[in-house]
Q: 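Dropping a structure here in structure tokens format, bear with me for questions.
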Amino acid sequence: MSVHRAISLSRFALTRGFTSRRATGSILHLASTAARPRHFTSSARIQEGAIQTPATGPKVPLTAARNGAPGKNAHAIAITKLPWNTAPSDVQQLLRDAGVNVKKLQFRVERFTFQSDTCAFVELGGKEQVQKAVKALDSLKLGTRTLKVSPLSDTFYWDSGFKKDQRFFFYDTTTPSQAIQGLLEGRRYTIFVENPGWPTKKDADKSVNVQRRELLNKVFEPFNVEAFGGINPVWKTDKRNNMTFLTHVEFATKEDALRAMDALNNTVIEGKRVELRPHTIIAKRAEQIGKVDEGVLTQLQEAGLLTTEPGPASM
């Protein structure tokens, strides 16, 4: 039996100021009034927030960095509280069923899981269509969630594209393929930690997930991480090896990933054994990827990256 290596955080000098801002994607800062009609805004400032997002658990701090010019949004709506397994086509079908025309859709997808971040922002064909969509869809039950639909304010910023250092990407015809490049190139890994995970001592001023993310940032700082996924709750016991999936990590290069594997795999960090495993796609995740983009799922299948092995749904 191999002896696990114990790693002290002092071994890694923090030289580049790696923070959770780099490790997480931007989010949309939304504000609404109590009375109808509610208006959503997006801030042009950089702000730290805490929201519920796919596979993260509650109160994970993310960074909202907005850019571009504000536009007139008299014909646009925000749809929030969407189920995590929503795909852009689901939103488009929802709006078609409501009898309105979609001119532009801003929809964010998690790069590791292809889950929705539960929000969509849509430009419609006219002001009357906004009123029609709000009336038809606000408070509509979709799966286990109840939708919230509101007009957008004039200060909302539209965004788009794939940003390699962020957890979420804005869906269009090219971004799903960009999102899997790290997987195809062998730069994406999954991190497993010994139950019940960190922290071994709780901090009254910080949530458990904040402490876990800070620890990951420190440990992985020397290895050029592009992005981490959401933090999975560590509380389940795997009877085979007492290890639970914690999160995904994508490195800037395959060489960085191999260096991290050599230095960190099967080591003890802060009292807990850690494993890094090359990422493969379990069946449940493949289904969601196919909903978002069938072509991308075909690419992964042809690359031999789909697995029939059982695994946590959060992977």
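The chain is numbered in sequence order, starting from 1.
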Q: Roughly how far, to the nearest 0.5 Å, is the NZ atom of K81 from the CG atom of L140?
A: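 With rounding to 0.5 Å, CG (L140) is 14.0 Å from NZ (K81).
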
Q: Using 0.5 Å steps for rounding, measure from the NZ atom of K141 to the OG1 atom of T146.
A: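 The distance works out to 4.0 Å.
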
Q: For a side-chain contact (heavy atoms from CB on, under 4.5 Å) check, start with the C-alpha distance between Q115 and N85, then their side-chain angles and the critical distance, and finish with the verdict.
A: CA-CA 5 Å; Q115 287 183 309; N85 63 350; 5.7 Å; no

Q: Linking I/L/V/M/F/W/Y whenever any side-chain heavy atoms sit under 4.5 Å apart, do I77 and V100 land together?
A: yes

Q: Taking atom types as modelled and ignoring hydrogens, do the side chains of E221 and N217 form a donor-acceptor contact shorter than 3.5 angstrom?
A: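 No donor-acceptor contact under 3.5 Å links the two side chains.
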
Q: For the CZ atom of R187 and the CD atom of E250, what is their distance to the nearest 0.5 Å?
A: 5.0 Å

Q: For the CG atom of N224 and the CG atom of D256, what is their distance to the nearest 0.5 Å?
A: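 Result: 4.0 Å between the selected atoms.
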
Q: Would you say the side-chain atoms of R273 pair up with the backbone N or O of M243, donor to acceptor, closer than 3.5 Å?
A: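 No, R273 side chain to M243 backbone: no donor-acceptor pair under 3.5 Å.
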
Q: Please give me the minimum heavy-atom distance between H279 and L305, naming the atom from each residue.
A: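 Taking every non-hydrogen atom into account, O-CD2, 4.2 Å.
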
Q: Could you tell me whether E270 and K218 make a salt bridge, using a distance below 4.0 angstrom between a side-chain N and a carboxylate O?
A: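 Result for this pair is no, no salt bridge flagged.
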
Q: Roughly how far apart are D97 CG and L95 CG, rounded to 0.5 Å?
A: 9.0 Å

Q: For residues T80 and T118, determine if any side-chain heavy atom of one lies less than 4.5 Å from a side-chain heavy atom of the other.
A: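 Sidechains of T118 and T80: no contact.
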
Q: Do the rings of Y189 and F251 sit parallel, tilted or perpendicular, given the 30° and 60° boundaries?
A: perpendicular

Q: Under 6.0 Å between ring centres: does that hold for F168 and F107?
A: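 When the ring centroids of F168 and F107 are compared, they turn out to be at least 6.0 Å apart.
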
Q: Is it the case that one hydrophobic cluster holds both F162 and L300, taking links as side-chain heavy atoms less than 4.5 Å apart, direct or via other members?
A: yes

Q: Can L142 be reached from V134 by stepping across I, L, V, M, F, W or Y side chains whose heavy atoms are under 4.5 Å apart?
A: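 Yes: a chain of side-chain contacts under 4.5 Å links V134 to L142.
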
Q: In this structure, which one of V130, V102, N101 forms a side-chain contact (heavy atoms from CB on, under 4.5 Å) with V122?
A: V102

Q: Do L306 and L297 make a side-chain contact, defined as non-hydrogen atoms from C-beta onward lying under 4.5 Å apart?
A: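 In contact.
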
Q: Indicate the atoms forming the closest heavy-atom contact of R188 with I180, along with that distance.
A: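 Looking at all heavy atoms of both residues, the closest pair is NH2-CA, 4.3 Å.
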
Q: Look at the side chain of T86 and the backbone N and O of P83, then say whether any donor-acceptor pair between them is shorter than 3.5 Å.
A: yes

Q: Given the rule that I, L, V, M, F, W and Y join up when any side-chain heavy atoms are under 4.5 Å apart, are V208 and I231 in one cluster?
A: no

Q: Ignoring hydrogens, what is the shortest heavy-atom contact between A76 and W158? Give both atom names and the distance.
A: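 Reported closest heavy-atom pair: CB-CZ2, 3.8 Å.
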
Q: Grab the two heavy atoms, one from T113 and one from R285, that are nearest each other, plus how far apart they are.
A: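 Result for this residue pair: O-CD, 2.9 Å.
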
Q: Is there side-chain contact between K103 and L124, with at least one heavy-atom pair below 4.5 Å?
A: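 No; the side chains remain at least 4.5 Å from each other.
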
Q: Just do the side-chain contact (heavy atoms from CB on, under 4.5 Å) check on I191 and L216 with the steps written out, would you?
A: CA-CA 10 Å; I191 303 172; L216 287 172; 4.1 Å; yes

Q: Any side-chain heavy atom of T247 sitting closer than 4.5 Å to one from R213?
A: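 No, every pair of side-chain atoms sits at 4.5 Å or beyond.
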
Q: Same cluster or not: V91 versus F169, using hydrophobic residues (I, L, V, M, F, W, Y) connected whenever any side-chain heavy atoms lie under 4.5 Å apart?
A: yes

Q: Less than 4.5 Å apart, side chain to side chain, heavy atoms only: is that true for K272 and P196?
A: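 K272 reaches P196 side chain to side chain.
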
Q: Indicate the atoms forming the closest heavy-atom contact of D203 with Q211, along with that distance.
A: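 Closest pair (atom of D203, atom of Q211, distance): N-NE2, 3.2 Å.
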
Q: Just to verify, which of K164, Q166, R111 counts as forming a side-chain hydrogen bond (donor to acceptor under 3.5 Å, both in side chains) with E226?
A: R111

Q: If I take atom OG from residue S177 and atom CG from residue D172, how far apart are they, to the nearest 0.5 angstrom?
A: 11.0 Å

Q: Indicate the atoms forming the closest heavy-atom contact of F223 with V219, along with that distance.
A: CE1-O, 3.7 Å

Q: Among R167, Q288, H248, which residue satisfies the side-chain hydrogen bond (donor to acceptor under 3.5 Å, both in side chains) criterion with E110?
A: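 Answer after filtering R167, Q288, H248: R167.
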
Q: Checking Q93 against R96: is there a side-chain donor and acceptor pair closer than 3.5 Å?
A: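 There is such a pair between these side chains.
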
Q: For T175 and F170, indicate whether the former's side chain and the latter's backbone hold a donor-acceptor pair under 3.5 Å.
A: yes

Q: Begin from the C-alpha positions of I269 and L264 and carry the test side-chain contact (heavy atoms from CB on, under 4.5 Å) through to its verdict.
A: CA-CA 9 Å; I269 299 174; L264 301 177; 4.3 Å; yes

Q: Without swapping roles, check the side chain of K284 against the backbone of I281 for a donor-acceptor pair under 3.5 Å.
A: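 Looks like no, no N/O pair under 3.5 Å.
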
Q: So, D262 and R259, do they make that salt bridge, N to O below 4.0 Å?
A: no

Q: State whether the number of non-hydrogen atoms from other residues, nucleotides or ligands found under 6.0 Å of E287 atom CD is greater than 12.
A: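 Counting other residues, nucleotides and ligands, CD of E287 stays at 12 neighbours or fewer.
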
Q: Considering residues, nucleotides and ligands other than E185, do more than 12 of their heavy atoms fall under 6.0 Å from its CD?
A: yes

Q: Which is it for L276 and F220 under the side-chain contact (heavy atoms from CB on, under 4.5 Å) test, yes or no, and what are the steps along the way?
A: CA-CA 12 Å; L276 271 71; F220 282 84; 4.0 Å; yes

Q: Compare all side-chain heavy atoms of Q106 with those of D159 and state whether any distance is below 4.5 angstrom.
A: yes

